[in-house]
Protein chains: 4
Amino acid sequence: MSAELEGLHEECGLFGVWGHPDAARITYFGLHALQHRGQEGAGIVSNENGHLHGHRDLGLLAQVFNDDKKIDRLKGNAAIGHVRYATSGSGSVDNIQPFLFRFFDGDVALAHNGNLTNGRQLRRELEADGGIYHSNSDTEVLMHLIRRSDKLTLIEQLKDALNTVHGGFAYLLMKNDCMIGALDPNGFRPLSLGQMTNGAYVLASETCALDIVGAKLVRNIEPGELIIVNDDGYTIEKYTDKTQKAICSMEFIYFARPDSDIYGVNVHSARKRAGARLAQEAPVDADMVIGVPNSSLSAAAGYAEESGLPNEMGLVKNQYVARTFIQPTQELREQGVRMKLSAVRGVVEGKRVIVIDDSIVRGTTSRRIVQLLREAGAAEVHMRIASPPLRYPCYYGIDISRTSELIAAHKSVQEICEFIGADSLAYLSIDGLVETVGLNADAPYGGLCVAYFNGDYPTSLGDYEEEFLASITEEDKKRLTEFARDSSQYYGNEYTHYLMEKSK
Amino acid sequence: MSAELEGLHEECGLFGVWGHPDAARITYFGLHALQHRGQEGAGIVSNENGHLHGHRDLGLLAQVFNDDKKIDRLKGNAAIGHVRYATSGSGSVDNIQPFLFRFFDGDVALAHNGNLTNGRQLRRELEADGGIYHSNSDTEVLMHLIRRSDKLTLIEQLKDALNTVHGGFAYLLMKNDCMIGALDPNGFRPLSLGQMTNGAYVLASETCALDIVGAKLVRNIEPGELIIVNDDGYTIEKYTDKTQKAICSMEFIYFARPDSDIYGVNVHSARKRAGARLAQEAPVDADMVIGVPNSSLSAAAGYAEESGLPNEMGLVKNQYVARTFIQPTQELREQGVRMKLSAVRGVVEGKRVIVIDDSIVRGTTSRRIVQLLREAGAAEVHMRIASPPLRYPCYYGIDISRTSELIAAHKSVQEICEFIGADSLAYLSIDGLVETVGLNADAPYGGLCVAYFNGDYPTSLGDYEEEFLASITEEDKKRLTEFARDSSQYYGNEYTHYLMEKSK
Amino acid sequence: MSAELEGLHEECGLFGVWGHPDAARITYFGLHALQHRGQEGAGIVSNENGHLHGHRDLGLLAQVFNDDKKIDRLKGNAAIGHVRYATSGSGSVDNIQPFLFRFFDGDVALAHNGNLTNGRQLRRELEADGGIYHSNSDTEVLMHLIRRSDKLTLIEQLKDALNTVHGGFAYLLMKNDCMIGALDPNGFRPLSLGQMTNGAYVLASETCALDIVGAKLVRNIEPGELIIVNDDGYTIEKYTDKTQKAICSMEFIYFARPDSDIYGVNVHSARKRAGARLAQEAPVDADMVIGVPNSSLSAAAGYAEESGLPNEMGLVKNQYVARTFIQPTQELREQGVRMKLSAVRGVVEGKRVIVIDDSIVRGTTSRRIVQLLREAGAAEVHMRIASPPLRYPCYYGIDISRTSELIAAHKSVQEICEFIGADSLAYLSIDGLVETVGLNADAPYGGLCVAYFNGDYPTSLGDYEEEFLASITEEDKKRLTEFARDSSQYYGNEYTHYLMEKSK
Amino acid sequence: MSAELEGLHEECGLFGVWGHPDAARITYFGLHALQHRGQEGAGIVSNENGHLHGHRDLGLLAQVFNDDKKIDRLKGNAAIGHVRYATSGSGSVDNIQPFLFRFFDGDVALAHNGNLTNGRQLRRELEADGGIYHSNSDTEVLMHLIRRSDKLTLIEQLKDALNTVHGGFAYLLMKNDCMIGALDPNGFRPLSLGQMTNGAYVLASETCALDIVGAKLVRNIEPGELIIVNDDGYTIEKYTDKTQKAICSMEFIYFARPDSDIYGVNVHSARKRAGARLAQEAPVDADMVIGVPNSSLSAAAGYAEESGLPNEMGLVKNQYVARTFIQPTQELREQGVRMKLSAVRGVVEGKRVIVIDDSIVRGTTSRRIVQLLREAGAAEVHMRIASPPLRYPCYYGIDISRTSELIAAHKSVQEICEFIGADSLAYLSIDGLVETVGLNADAPYGGLCVAYFNGDYPTSLGDYEEEFLASITEEDKKRLTEFARDSSQYYGNEYTHYLMEKSK
């Protein structure tokens with residue numbers, strides 16, 4: 001909840017289908033299950049015998065497609081779609097995907113989930129060479145790279161391009177005769193292949209989107225893979241061998257739907273195990289456990305069961321709050337008018353409560369939650385966070401771009417506890433997270449990216465390196481250097497090399 | 001959830017405020033918290049120095065007021081609002097409330113939650129006398145009765161009218177110099193008075209609407225009471241002494257928000273106690289407890305804690321499903337495309353699960369839930385319902401009008417279990433419900449209306465008596481007659497008298 | 001144009017059809033041709049085997065029915081529709097017609113064009129007897145009178161009611177088995193019967209609406225007549241013999257479409273004759289004639305032909321101006337930003353122009369037109385008005401309710417000329433108007449109502465008498481008294497009697 | 001009217017302003033005056049201290065900007081805007097202009113009125129070099145050429161690009177520090193510079209857009225010119241010396257608003273002179289003259305005055321017809337249901353009428369007009385067209401792309417007369433057109449492009465040459481060859497060279 005209320009946004013969800021007569025409608029339902037991954041814009045491109053039709057706009061999926069006609073016009077047996085969280089300042093329809101490109105030799109559509117670390121540099125280089133952009137997004141870069149490759153087929157051109165871009169990316173492309181998916185060498189974002197009962201193949205960011213269309217999981221796309229789906233079925237190729245699994249741990253902690261499985265691990269179960277581990281790591285003598293709805297309910301159940309305390313509904317989220325145009329004025333807010341979250345006096349009055357939340361970003365939401373509970377009569381409020389402290393930005397597709405916004409980048413746990421006004425505060429350890437997710441991949445942190453917690457980024461930072469080094473403290477640099485020197489899990493990243501060099 | 005998916009709808013929510021400069025906006029937020037009570041239409045009437053302004057339309061509140069201007073135009077220091085569930089066939093804006101009447105001696109607005117048992121007869125009588133109706137609703141009847149009373153003040157006219165209408169009703173009225181609330185002699189629907197930090201008084205169907213505007217509960221309105229709020233404060237009068245508390249038990253079981261208190265009983269806590277009682281009444285050897293989201297999560301927590309089993313998220317509800325225009329075709333449905341509810345394979349696969357639901361109406365949703373869980377690999381599915389079997393219609397404001405739609409009216413528990421395909425099925429007992437709600441009022445069933453479970457209606461059935469008698473079996477009639485003869489809680493209702501007479 | 005820009009609004013247009021399988025769509029097209037009669041709201045009620053369905057809303061017809069589905073839902077073989085100009089302050093959907101009333105013995109729809117002179121008094125009386133109103137409009141009064149009549153059939157009840165209401169009215173009613181039209185005893189508003197090629201009958205406010213649906217005129221409805229259309233054809237009855245034709249002269253001057261015929265007189269031709277007569281009555285030495293678009297183009301053509309001067313397009317109206325949301329700020333207006341009307345420099349520069357307009361209401365638009373032409377270089381600007389000076393309110397359905405708004409009520413022609421800044425100004429005489437319209441009915445003024453020009457109202461003023469007497473000057477009263485005494489065309493109205501009595 | 005009803009569409013209108021604090025709103029009003037030039041889409045890009053903001057969408061201007069907020073968001077002191085007619089099949093928002101390009105060195109916006117004759121070839125070449133397109137439009141090509149130029153400043157790069165594109169174009173560009181306008185070497189489309197009272201400069205496709213914002217004409221942009229407007233004022237440069245004025249004659253005949261002046265010639269006056277000349281060239285003995293509204297009213301006035309016949313309103317256009325969603329079914333059309341144009345029986349019955357229209361495209365509208373008039377009782381219908389027969393496509397920005405659609409390409413005047421069912425038919429001569437427009441430029445046809453009448457195109461046909469030669473008859477080819485050989489006005493075009501070579 002804190003993550004949600006404090007602007008920690010996933011940037012995208014992808015869905016595509018090949019081989020279904022109602023492809024655009026199927027894509028609509030698939031995107032519906034992925035709506036939590038992006039609520040600012042949506043689009044679908046369909047493939048009618050090689051000719052692509054598109055519709056995209058700002059808004060929730062149900063607003064963009066608010067009329068059956070808009071789906072009916074997207075004829076064809078294949079389609080790809082995208083839901084998007086628009087970063088501030090770019091709320092223009094030009095940025096909504098899939099992008100649709102018109103060439104003499106055919107149309108191509110492209111959608112992207114993730115963020116490139118060398119997007120700015122590539123964009124600048126391509127621009128110097130005459131490249132023209134309609135959007136602010138990195139995504140157009142890939143198409144420019146494809147068109148400038150001297151390879152002869154789109155697949156070969158795409159491989160060139162995929163080896164040129166760095167960072168986090170899951171791509172979906174649609175051309176006249178195939179649908180293509182591609183994943184970055186670290187697999188920061190999930191991408192899964194499923195098959196519908198009629199044989200159609202679907203590609204989706206999360207397995208919950210397979211479930212909604214009645215598709216069975218065929219296989220997860222692995223880091224560095226390229227999948228081509230056409231009328232003959234699917235083929236998978238590797239465009240690089242330099243892969244190392246580092247899936248975004250925030251997918252498990254907050255972004256993904258609890259009913260999704262990521263590389264075989266159910267998200268709800270991982271969260272519940274994290275809650276139980278948190279109860280072991282940071283027990284407290286209290287009367288009840290309360291989860292902050294909705295994302296922290298699994299962790300709260302785990303904490304409650306492990307601790308033997310009752311799990312109560314002490315906080316309620318207003319389920320109709322999305323997209324209301326009418327907002328409380330500042331004056332009304334001061335009078336106590338609240339829209340999103342209410343504390344339940346009948347439950348918490350006079351009680352010592354343990355509140356479980358998924359994360360703390362700025363701390364303001366946690367402070368409000370503590371205040372709400374105290375106003376409703378809670379005797380004690382103990383905050384427990386089912387993930388480690390967020391200290392560093394993410395450069396692979398989550399909207400945490402500045403350390404200045406992260407309270408844990410500047411304050412100790414004790415200081416944060418004071419800031420939010422809780423009686424006590426504790427976070428889950430990184431080891432606790434890694435073990436309870438339990439991916440057990442042959443990679444640092446068992447295959448999780450935990451860079452926002454410890455600064456150990458799995459890739460070079462590219463465009464962001466300078467900015468990153470400027471944003472962190474000397475102490476941080478020293479710590480990171482030592483960490484890079486000593487840790488068995490160290491990624492061997494350039495900036496840590498740089499820091500190690502400097503520290504000599 | 002079954003209640004929700006199977007069309008068990010509350011018909012309305014009411015909110016009013018007197019004495020706040022931003023009255024219409026306050027009312028908007030109050031209605032927002034009551035959105036679950038009616039999602040087909042909404043309206044607000046404000047009072048600007050005695051002149052009333054209104055806006056109402058079909059749709060969710062956020063759709064009806066999709067622009068700040070629509071609120072800004074509703075100027076004034078007082079306002080009343082209404083959210084409505086439109087029964088089928090009446091989806092016309094003419095039926096959306098509050099109704100606004102224009103008289104030479106001033107405007108009057110009126111909103112209603114409930115259903116009259118003599119509405120049709122009164123309407124017919126008034127029409128024979130020249131009464132003219134713009135809507136299909138009972139609500140206009142009250143205004144006709146008021147205007148035809150020979151009393152001299154609106155309050156006295158209203159008392160006359162309130163003694164003429166029968167059934168379930170909470171009314172809100174607004175006139176130039178006061179806001180009025182009134183509750184039927186049984187108090188079927190809740191109505192509470194609160195006070196904001198600036199001193200403004202609010203009246204609301206549920207206390208969660210007081211919370212959202214930062215108001216403190218002052219007092220619940222009691223059966224047979226009339227409350228008048230004006231610039232001097234509030235006064236409460238009784239318009240009848242023949243009162244007997246019989247609050248709708250479905251408010252506790254399903255309708256009301258878990259964070260609301262009804263006559264001092266917190267709804268979440270009542271549901272959790274019901275779940276625990278159900279675990280005692282109908283235990284089962286299994287691996288986990290699953291609540292059907294969202295309304296059955298409290299009961300599931302109670303069952304899990306009492307039974308010592310883990311409480312898991314084995315079913316997920318798509319939170320963005322409301323108001324989507326695009327629906328799966330029948331063909332897609334058969335291919336497994338589903339929008340509302342998903343089972344989580346990663347959680348239930350190979351497990352013996354106990355599913356807790358709030359109620360069973362037609363049984364089709366329960367059957368689908370069992371099927372979903374089995375398809376996701378559940379080894380056993382045991383259904384437990386946190387309320388008694390629904391056997392009879394409600395005539396006081398819930399949309400269960402025909403016994404033919406109620407599976408428990410025609411089938412035994414064992415037959416229902418077979419129909420839904422569960423491994424076992426059990427319901428909470430009426431005693432269990434009455435005791436775990438725990439109102440303890442000096443009235444039959446502790447002050448709860450349980451007529452849909454046992455046919456013991458707290459009032460005469462009026463317009464509906466003939467229809468009711470025609471709809472029930474001979475066996476039912478015999479049972480009801482015996483029950484009326486023997487039960488200490490018997491309401492002494494006319495139709496049971498009639499049955500007793502006939503049975504002699 | 002001045003009439004249009006200065007808020008001289010017709011209040012309504014009516015259209016109905018009986019006997020066409022696509023009745024609602026036919027009604028849509030009919031209303032489309034009548035859109036000029038009311039642009040603030042529109043509605044249609046259809047009759048599907050006796051069951052009435054309605055849709056109405058604020059806005060232009062094309063906005064209210066912005067979707068084929070909205071028409072498709074209005075099934076049935078008959079329909080009536082209404083377009084409405086909403087007087088200020090009453091912009092609520094509750095006032096949009098047709099009104100739809102629900103009775104136990106069937107639905108009735110009602111639409112009204114005109115204004116009652118005893119509406120307020122009747123409303124008050126009916127209210128005292130328990131009548132309840134949802135709108136501010138007079139129209140509901142008729143339905144109350146019908147329902148309170150002790151006659152046995154709706155037709156007889158309606159006759160009673162029509163003899164009770166006074167003023168200007170054309171009514172359309174729809175019930176299960178017939179469509180009814182009725183006209184007031186003076187025939188202030190036009191109403192015509194036509195027949196489509198398939199045999200269906202249509203009733204419409206203007207013949208242009210017959211033309212648009214390919215219907216041939218059968219007959220005009222005469223003052224005091226009632227027409228009943230059903231599956232057997234149509235029958236016409238008189239509900240009163242006290243009739244005297246006094247059709248609104250503003251229909252010829254400004255409201256009606258030029259392609260309509262009113263009682264056999266083509267509107268364009270009447271306007272052209274008025275322009276020619278104006279050239280005779282008030283010639284001027286100039287270079288060209290300019291009509292203010294669009295309503296004054298016919299009169300300008302007549303003036304030009306009669307005077308032998310060229311008829312030029314010196315003023316252009318922006319045809320897309322309707323319904324723009326973006327308006328110039330006051331500051332931009334001062335900088336010369338104009339939306340509606342432009343003068344054409346290339347045409348008028350250095351020229352002596354005669355501007356023909358339909359009327360002057362407040363004078364501000366005329367002043368602006370003169371200013372526009374001077375800024376565009378016109379050497380002289382002579383204003384000629386193709387109707388007599390507007391001095392008195394209309395109580396029969398045009399929105400001129402206060403003499404204070406009428407510049408000619410307070411200023412002489414010379415003073416008006418100075419106010420608008422023209423080089424000369426002249427109006428058409430009343431005789432000129434009566435003769436060029438040429439209805440030649442056996443009634444004062446040849447069957448035209450000219451009360452706004454000379455204060456000679458064809459009916460008693462009822463609710464408005466007091467207000468009227470208070471608004472006019474002593475000089476006016478004296479003049480009207482003398483006029484009433486001497487004129488051969490005098491209507492013998494109550495207020496002039498009153499004045500004559502007083503003046504004795 | 002025939003032009004309008006038969007799909008003869010101008011493709012665009014341009015407006016820009018530099019130096020006004022309310023620049024986007026000014027642009028809105030300017031575009032409003034140009035709405036007739038493009039009704040399928042609209043957009044505005046504003047310049048806020050060098051940062052460009054845009055909004056564009058499908059629909060009329062008033063639909064695209066249906067909210068003050070949409071204008072308010074476009075902050076800044078400068079703006080350019082565009083209204084567009086979308087050719088069939090390309091109704092996507094991606095094609096709506098201005099296009100907004102994002103570069104590292106700043107944003108650039110671009111809008112275009114006209115059509116390139118080498119657009120397809122350039123697009124293909126640029127694509128082969130890696131160019132990527134988001135739209136189907138030619139317009140992106142210019143930006144690609146600019147960015148690939150090796151010149152150092154945008155102005156020099158633009159000059160290169162302007163010398164590379166061929167055909168008809170008026171461009172508006174906006175960058176951080178200036179607004180730029182450019183016109184093709186023939187000046188097919190008008191473009192004028194004006195100045196507002198506050199000193200701000202505006203560029204607009206027609207002078208009527210200067211008038212609406214209170215701007216005075218400063219100067220028309222001449223063929224081959226480039227105008228740069230910035231905070232220091234404006235400068236004009238020539239990017240080529242090879243210019244030859246050939247302004248589109250359809251601007252005078254039909255497209256431009258009558259109140260616009262093109263190169264000093266008022267459009268209404270030119271049309272009136274054309275009508276008078278037509279009366280001389282093709283007189284007829286009749287009772288009245290009727291103009292087809294709205295575009296032929298000026299010509300009709302000229303014809304009437306010259307012939308001494310009365311000018312009557314025998315046809316009426318429904319002014320509210322734009323943007324109605326409800327259309328007559330084919331069945332209703334056959335029953336005579338018509339939306340757009342009505343004949344006025346009261347005017348034409350029994351009369352011999354001369355109908356003046358601007359042009360005949362397919363002939364179907366003229367046939368309908370003749371039929372309407374005959375059904376309304378006209379005794380004779382003589383059609384007179386105030387322009388020469390349309391025989392050839394336009395490649396410079398009017399949507400007449402196929403000769404197969406042009407009735408005069410295949411039929412003689414006598415055959416057309418029979419097709420439309422008139423009693424007689426005559427067209428204006430090319431000489432009559434050239435002389436009555438009276439531009440008198442030192443160029444063939446006095447500076448008018450008359451290629452659609454005689455096939456004499458002022459430029460090479462580029463992409464279209466092959467298609468053109470395939471579409472015309474052998475007879476045509478022969479005629480064109482002779483014409484090219486003999487005419488003193490011959491343009492010396494490539495395809496006529498080609499034909500002359502072939503004919504040797």
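Per chain, numbering begins at 1; letters A, B, ... match sequence-line order.
More than 12 heavy atoms of other residues, nucleotides or ligands shown are found within 6.0 angstrom of NZ on B:Lys70. Taking a 6.0 Å sphere around CD of B:Glu331, one finds it holds 12 or fewer heavy atoms contributed by other residues, nucleotides or ligands.
Note that CG of B:Asp57 and CG of C:Asp57 are 7.0 Å apart. Values are rounded to the nearest 0.5 Å. Residue C:Asp94 holds its CG atom at 10.0 Å from CZ of B:Phe101, rounded to the nearest 0.5 Å.
A heavy-atom distance below 4.5 Å is not found between the side chains of B:Glu140 and C:Arg102. A 4.5 Å side-chain heavy-atom check between B:Phe103 and C:Ile132 finds at least one atom pair inside the cut-off.
The residue among B:His53, B:His55, B:His144, B:Met143 with the most heavy atom pairs within less than 4.5 Å of chain C is B:His144.
C:Arg124 forms a cation-pi arrangement with B:Phe104, by the criterion of a distance under 6.0 Å to the ring centre and an angle within 45° of the ring axis.
Interface remark: C:Arg56 contributes side-chain atoms only to the contact with chain B (heavy atom separation under 4.5 Å).
By a heavy-atom distance cut of under 4.5 Å, B:Arg147, B:Arg148 are the residues of residues 146-169 of chain B near chain C, going up by number.
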